[in-house]
2 protein chains.
Amino acid sequence: MPFSERVSRLKSSLIREILAAAQRPQVMSFAGGLPAEAMLPKVDWAEMPLSMGQYGMSEGEPALREALAAEARALGVPCEASQVLVVSGSQQTLDLAAKLYIDKGTEILLEAPTYLAALQIFQLFGADCLTVPLEADGPNLAELRARLEQHRPAFIYLIPTFQNPSAVRYSEAKRDAVAALLDEFGVTLIEDEPYRELTFDGGSATPIAGRLKKASWIYTGTVSKTLLPGLRVGYLIASPDLFPHLLKLKQSADLHTNRVGQWQALQWIGTEKYQQHRSELRDFYRVRRDAFQLALQTHFSDLADWNEPQGGLFFWLKLKQPLDTRTLLNAALANDVAFMPGEPFFPDPDKHHGYLRLNFSHIDPARLEEGLKRLAAVVRQAQAAQAA
Amino acid sequence: MPFSERVSRLKSSLIREILAAAQRPQVMSFAGGLPAEAMLPKVDWAEMPLSMGQYGMSEGEPALREALAAEARALGVPCEASQVLVVSGSQQTLDLAAKLYIDKGTEILLEAPTYLAALQIFQLFGADCLTVPLEADGPNLAELRARLEQHRPAFIYLIPTFQNPSAVRYSEAKRDAVAALLDEFGVTLIEDEPYRELTFDGGSATPIAGRLKKASWIYTGTVSKTLLPGLRVGYLIASPDLFPHLLKLKQSADLHTNRVGQWQALQWIGTEKYQQHRSELRDFYRVRRDAFQLALQTHFSDLADWNEPQGGLFFWLKLKQPLDTRTLLNAALANDVAFMPGEPFFPDPDKHHGYLRLNFSHIDPARLEEGLKRLAAVVRQAQAAQAA
């Protein structure tokens with residue numbers, strides 16, 4: 001075996017395979033989490049100084065760090081620009097956090113379900129993944145306390161605002177309660193917030209990081225959902241005890257984040273123009289969410305239960321008659337429909353059959369009805385076969 | 001200890017501290033490896049399609065992969081576009097290779113000296129670093145054979161063309177001999193070539209990767225030295241047995257490389273315009289190299305020995321009276337001069353005193369003489385103090 005021990009945990013990525021299959025133009029895809037092309041803003045590059053082509057600082061562009069810190073402070077996260085590290089998308093935050101915390105067998109605590117690419121990188125580094133079940137308003141607090149009493153996880157990873165995949169938004173009360181528990185047990189928080197701005201009812205309670213009194217924390221965000229994912233510009237903000245380590249890990253990973261994307265992000269962050277764009281984005285996706293909800297009611301009312309998402313990019317369906325939704329994929333793709341099975345969003349997939357993640361932001365509205373109709377037929381057929 | 005075991009190996013980065021100190025405008029810096037600002041080409045963004053803002057493929061842009069494969073084939077590296085992975089600078093190749101190969105205690109083989117940021121990431125993952133000494137035309141072959149006979153390194157990491165820091169360019173004969181040895185012992189090659197195009201005498205023998213018959217290989221390059229480092233666009237090309245693993249590791253690290261930089265790189269790679277630019281770059285740096293050589297002869301002839309570099313960005317000086325060059329740093333910075341001590345380029349720094357790496361590409365020619373004069377004075381003073 002010439003490779004490292006961790007490579008044995010490098011799974012074939014189901015989502016990569018589904019997205020590859022969904023590239024065929026005839027496929028109606030509910031699988032990815034892509035912004036709608038129509039809402040990618042026109043950006044201007046003419047004023048970018050040539051100096052952005054030179055090597056930059058590992059920390060990121062100073063002006064961008066200042067702007068990001070100001071935005072975070074406005075959300076109640078107490079921080080200075082010196083705590084901001086610009087990264088190549090918030091996925092990189094997870095890679096740096098894995099390097100900082102995870103040895104083989106290190107216990108970490110996750111929501112169930114959780115973001116599958118987070119699970120992928122944490123498991124690659126050998127984490128032992130504990131979970132706490134999500135309810136409609138956040139984690140089950142009794143179970144969270146029990147986990148913290150019985151274990152010493154290196155960190156807890158949470159997506160409290162319009163979670164991927166479940167669309168759950170934590171209530172104010174649960175945010176306070178989670179912060180208090182992390183302070184009580186001294187457990188580091190990693191708070192991932194790519195969807196905060198995509199709120200359809202205007203609500204998004206402030207981050208948990210800003211409610212902590214003692215525990216260490218990493219707060220991470222991105223411009224991928226509200227500006228341009230192709231820039232690969234995200235950021236993390238960390239409590240001062242963690243920042244120097246994360247900075248060195250960033251430097252050893254790729255020296256620094258591309259300055260071209262950083263410059264473009266700076267043209268938007270904190271501006272009126274960005275406010276306006278995000279407002280248009282919310283309106284656009286709200287309309288798509290509404291249409292999706294209606295189409296789901298038509299085709300899935302008898303098959304599944306779900307909560308209407310108040311933000312983010314996904315519906316999370318629970319089949320009334322559970323089955324391993326991974327077994328639906330081939331039939332769906334044969335009918336030119338793609339979706340994300342729910343199992344890979346759990347560290348123990350075989351104990352969580354019967355969920356589907358459906359993206360509503362990217363599907364062509366003209367093909368929405370047909371796509372959901374075909375997907376429902378695939379589910380019905382599989383359930384009939386199972387019953388037979 | 002809340003952090004991972006590997007964090008105990010996360011050294012304070014000497015080069016980060018030196019570069020930070022060298023930011024003061026009055027400092028004459030020979031420390032970094034930055035391109036000259038005057039030679040950053042003007043680039044045009046007006047034609048970039050908006051679609052470059054959308055999420056892209058982990059592999060990289062298809063057209064860019066084709067163009068990079070064509071360039072590599074022209075250098076004798078047998079490959080298809082399907083073997084090309086676009087990365088966020090070639091530093092990321094080293095991060096992915098570390099993840100692929102290195103557990104704590106894994107033996108790897110390096111040149112001595114070697115690139116210090118490679119050493120940093122390999123050691124972070126826990127590598128046990130074996131070395132083979134470099135001579136003026138490449139590694140000592142008897143020692144290389146001895147190392148391969150006595151050990152089973154997971155890979156050998158080589159920078160055969162204008163090495164950082166030593167500026168060594170392997171001869172044709174040594175390239176063939178190294179390839180034959182790696183085939184004989186079945187050891188994977190990681191070949192890092194950021195400086196290939198910066199040749200001042202027109203020579204640059206073809207890569208070792210193209211001379212292998214059996215061994216696995218990763219060949220890595222970048223646009224940072226010849227186009228714009230701020231884009232953070234590099235690439236790796238891997239033998240087909242390694243590629244799928246590297247692709248998954250890239251995806252889990254940061255999803256994909258920024259498309260904006262990839263698009264810009266594609267406007268240059270394989271074009272007449274890029275040929276022309278690289279030719280101008282070679283002429284420009286050759287003039288700087290010549291001026292540096294003259295100034296060194298004036299100020300360092302009695303203090304050090306060196307080979308005039310035929311390419312790359314660095315002079316590598318060996319003091320006639322060795323001392324720990326890290327102890328010179330404070331005095332140099334107090335005199336507004338920055339340089340890179342040689343010790344961190346060796347896995348066993350305390351056994352390799354007396355080397356200095358001096359960058360000639362970035363210093364203002366008007367300040368070159370004064371800078372080297374001051375640095376020589378710092379060396380003389382330290383040697384006098386040592387002798388006293």
Side-chain angles (χ1 to χ4, degrees), chain A residues 2-7 10 12-13 16 32 34-35 37 40 42-43 45-46 48 50-56 58 87-89 91-92 95 99-103 106 117 120-121 124-125 154 188 224 227-233 245 248-249 251-261 264, chain B residues 2-7 10 12-13 16 32 34-35 37 40 42-43 45-46 48 50-56 58 87-89 91-92 95 99-103 106 117 120-121 124-125 154 188 224 227-233 245 248-249 251-261 264:
Chain A
F3 296 137
S4 67
E5 183 267 343
R6 85 180 59 77
V7 171
L10 189 58
S12 125
S13 169
R16 270 192 58 78
L34 275 64
E37 261 86 29
L40 298 178
K42 270 188 99 86
V43 295
W45 297 96
M48 184 168 64
L50 192 53
S51 62
M52 287 298 109
Q54 184 57 284
Y55 280 109
S58 297
V87 294
S88 305
Q91 181 71 25
Q92 190 176 50
D95 181 66
K99 288 171 174 164
L100 181 58
Y101 284 108
I102 304 176
D103 292 315
T106 297
Q120 190 183 13
I121 184 80
L124 174 69
F125 276 82
T188 297
S224 292
L227 187 57
L228 295 172
L231 298 180
R232 305 315 301 129
V233 173
H245 304 294
K248 284 181 219 162
L249 289 167
Q251 187 207 12
S252 70
D254 60 4
L255 302 185
H256 67 84
T257 296
N258 83 88
R259 297 180 81 183
V260 171
Q264 187 59 254
Chain B
F3 297 139
S4 67
E5 184 268 341
R6 85 180 60 75
V7 171
L10 189 58
S12 123
S13 168
R16 270 193 56 80
L34 275 65
E37 261 87 28
L40 297 179
K42 269 189 100 84
V43 295
W45 296 97
M48 184 168 64
L50 192 53
S51 61
M52 288 298 109
Q54 184 57 285
Y55 281 108
S58 297
V87 294
S88 304
Q91 182 69 27
Q92 190 175 50
D95 181 65
K99 287 171 174 164
L100 181 58
Y101 283 109
I102 304 176
D103 291 316
T106 298
Q120 190 182 12
I121 185 78
L124 175 69
F125 276 82
T188 297
S224 292
L227 186 58
L228 295 172
L231 298 179
R232 306 316 299 131
V233 173
H245 303 294
K248 285 182 219 162
L249 289 167
Q251 188 207 11
S252 70
D254 60 3
L255 301 186
H256 66 83
T257 296
N258 83 89
R259 296 180 81 184
V260 171
Q264 187 59 255

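The chains referred to below are lettered A, B, ... by the order of the sequence lines, with proteins before strands, and numbering in each begins at 1.
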Can a donor-acceptor pair be found, under 3.5 Å and without considering hydrogens, that links the side chain of B:Asp254 to the backbone of A:Gln92? no

Please tell me if the side chains of A:Leu231 and B:Asn258 come closer than 4.5 Å, counting only heavy atoms from C-beta onward. no

Taking every heavy atom of A:Leu10 against every heavy atom of B:His245, the minimum-distance pair comes out as CD2-O, 3.7 Å

Nearest-0.5 Å distance that lies between atom CZ in B:Phe125 and atom OG in A:Ser4: 8.5 Å

Most heavy-atom pairs under 4.5 angstrom with chain B, which of A:Val233, A:Leu227, A:Thr257, A:Leu228? A:Leu228

Once rounded to the nearest 0.5 Å, what's the spacing between atom OG of A:Ser224 and atom CD of B:Gln54? 9.5 Å

At a heavy-atom separation under 4.5 Å, does A:Leu124 approach chain B through its side chain, its backbone, both, or neither? side chain

Please round to the nearest 0.5 Å and tell me the distance separating atom CD of B:Gln251 and atom CD1 of A:Ile121. 10.0 Å

Between A:Ala253, A:Gly56, A:Gly261, A:Ala117, who has the most heavy-atom pairs with chain B when the cutoff is under 4.5 Å? A:Ala253

To the nearest 0.5 Å, what is the distance between CG on A:Leu100 and CZ on B:Phe3? 5.0 Å

Does A:Tyr101 reach the side chain of B:Val7, with side-chain heavy atoms less than 4.5 Å apart? no

Counting only non-hydrogen atoms closer than 4.5 Å, does B:Gln264 touch chain A with its backbone (N, CA, C, O), its side chain (CB onward), both, or neither? neither

Between the CD atom in B:Gln91 and the CG atom in A:Leu255, the distance rounded to the nearest 0.5 Å is 5.0 Å

Heavy-atom pairs under 4.5 Å with chain A are the metric here; pick the option from B:Pro229, B:Pro35, B:Ala46 that has the most. B:Pro229

If you count heavy-atom pairs under 4.5 Å between each of B:Gly32, B:Ser58, B:Gly230, B:Ser51 and chain A, which one has the most? B:Gly230

Against chain B, label A:Asp95 side chain, backbone, both or neither, depending on which of its atoms sit under 4.5 Å from a heavy atom there. side chain

Counting only heavy atoms closer than 4.5 Å, note whether A:Thr188 contacts chain B via side chain, backbone, both or neither. neither

In terms of heavy-atom proximity below 4.5 Å to chain A, should B:Ser88 be classed as side chain, backbone, both, or neither? both

Heavy-atom pair of closest approach, residues A:Ala154 and B:Pro2: CB-O, 4.4 Å

Value for CZ (A:Arg6) from CG (B:Leu249), rounded to nearest 0.5 Å, stands at 8.5 Å

